[in-house]
Amino acid sequence: MAHRPLILHITGDYPDPSRAPTTVAVKRLIDGLVDCDHVIVSLTRSATQSPTGVHQFEGASGQRLIAIHHFGLPFGLGLQRSFRAVARQIETYLSQHNLAPDLVHSHRLTFDGIAGDLISKARRIPHVVSVRGEVESKVLRFKPTYRPLIADILNAAHRIYYVSAWFQPDIERLIGPQPAKSRLLPNIVANTRSTIMSCPPRPVIMTVANLDIYQKKGIDRLIAAFARVAAQVPEVSLEIIGGGQPESTAKVAALIAATGLGERIRLRGKLSNDAFLAELPTALALALPSRNETFGMVYTEALFAGVPILYGRNTGIDGHLHGLDVGVAVAVDDTSAIADGLLTLIERNAPFRAMIARSAGDLFQRFNPDGLIARYMADLEDGLKHQTVNGAIRA
């Protein structure tokens, strides 16, 4: 590719210096695209103040990072108007700095995608969208009048990337199957490998979550489920890793105290990702029955550590593991199902670990960052071949 492409990224989940900590999923993808230059627009919504303009920060080589704190009402009120204003702000910035993106990537379909679609059509450049079921499901469920707009964005898009594979059937009910433009794009984790070595586990089930959203993450139901099976597996304990505000931590501690299992259900606090990954291979299992989880990088981290997982059915990593017997999918609001899943992980632990080791090549093919980046770049090159500029096909 002789021309070095410039990609415009629009995302509400990027760790820019002006916002509270957020996921590094989008950052890891962009950082892997080293054969492109990037304009990264990091969005933060505020319902209490007017937009604060565009703030530019020093980015990595080939990256230009800007933050826009934009006005937006809660519950998606005025959603289209809000992101039309965002699109105008981005357009103004691009024009002022003489930047001409070759492609725009909206990292949330039903929010960023509104702005990305407008910019794509105005500039006649390809638009690709990521589907993250956590946010998309809310808009499509609670704002049905937006469905024609979202369908139009999807039908016009050059590629649809499913971070949330579990939400693909919902999108296809809206626009029909789109196999030529649909791709799975799991979040990138740091410990992928082509060979997975299983090590003898400690009798510890691990979970990790932000305790400020412990109910969404299923920690309350996990504690209750573990209490149900604790007498059957007296040697096994549960460790909860993650921080939160004092009141959130106190609520989780109270849930633990109510079980009478304070010696076997331990709150360990926050660990660095490196420290967590160092301990993870010795865990008996990783259990996180989270509701409406976009992807859940911890599930992939556990699998590449050789550890079987308990995860939610029709949420999180579900849809990325077809044909692999590497864990247990459960109904996340069914405490009995979670309890049964924990027993299954304990009783079949050795076969699960052996299957994960045998499935290393398949897991690596599905989640290897180099492979994901290569497929993305092939899509980009295809998009540039079909790009129109001022109504003409670009050579």
Task: Among Leu321, Val328, Val332, Val326, the one residue meeting side chain to side chain contact (heavy atoms under 4.5 Å, CB included) with Tyr311 - done: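 Answer to the side chain to side chain contact (heavy atoms under 4.5 Å, CB included) test with Tyr311 among Leu321, Val328, Val332, Val326: Leu321.
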
Task: Matching residue for Glu347 among Thr344, Leu343, Asn349 - test: side chain to side chain contact (heavy atoms under 4.5 Å, CB included) - done: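 Among the candidates, only Leu343 passes.
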
Open item on the list: Can you tell me how far apart CG (Leu149) and NZ (Lys143) are? Round to the nearest 0.5 Å.
Closed with: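 With rounding to 0.5 Å, CG (Leu149) is 11.0 Å from NZ (Lys143).
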
TODO: Report the distance from atom CD of Gln63 to atom NE2 of His9, rounding to the nearest 0.5 Å.
DONE: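 Going from CD on Gln63 over to NE2 on His9, the span is 7.5 Å.
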
Determine whether the side chains of [X] and [Y] contain a donor N or O and an acceptor N or O closer than 3.5 Å.
| X | Y | value |
| --- | --- | --- |
| Arg228 | Thr335 | no |
| Gln56 | Tyr93 | yes |
| Asp102 | His3 | yes |

Can you tell whether the side chains of [X] and [Y] come within less than 4.0 Å, N to carboxylate O?
| X | Y | answer |
| --- | --- | --- |
| Arg375 | Asp379 | no |
| Arg358 | Asp325 | no |
| Asp13 | Arg132 | no |
| Asp170 | Arg173 | yes |

pair [X]-[Y]: side-chain heavy atoms closer than 4.5 Å:
| X | Y | answer |
| --- | --- | --- |
| Tyr214 | Leu255 | yes |
| Leu286 | Tyr299 | yes |
| Ile40 | His105 | no |
| Met377 | Glu381 | no |
| Asp152 | Asn155 | no |
| Pro5 | Leu384 | yes |
| Phe364 | Ile196 | no |
| Leu109 | Val135 | no |

- [ ] Please collect all ring-ring contact (aromatic ring centres under 6.0 Å, His included) contacts where either partner lies in residues 314-349, sequence neighbours excluded, each pair once.
- [x]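 Only Phe295-His320 qualify under ring-ring contact (aromatic ring centres under 6.0 Å, His included).
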
Give a yes or no answer on whether the side chain of [X] reaches the backbone of [Y] with a donor-acceptor pair at less than 3.5 Å.
| X | Y | result |
| --- | --- | --- |
| Glu136 | Thr110 | yes |
| Thr282 | Glu279 | yes |
| Arg264 | Ala230 | yes |
| Ser130 | His107 | no |
| Ser137 | Glu134 | yes |

Task: Closest approach of Ala87 to Leu118 (non-hydrogen atoms, all atoms of both residues) - done: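 Minimum heavy-atom contact is CB-CD1, 4.0 Å.
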
Task: Closest non-hydrogen atom pair between Glu301 and Phe276, with its separation - done: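 Minimum heavy-atom separation between Glu301 and Phe276: OE1-CE2, 3.9 Å.
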
Show me the donor-acceptor pairs within less than 3.5 Å that the side chains of residues 234-247 make with the rest of the protein, sequence neighbours left out.
residue : atom : partner : partner atom : Å
Ser237  : OG   : Arg266  : NH2          : 3.3
Glu239  : OE1  : Arg268  : NH1          : 3.0
Glu239  : OE2  : Arg266  : NH2          : 2.9

Task: Ring geometry between Tyr161 and Tyr376 (parallel below 30°, tilted from 30 to 60°, perpendicular above 60°) - done: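 Because their plane-to-plane angle is under 30°, the rings of Tyr376 and Tyr161 count as parallel.
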
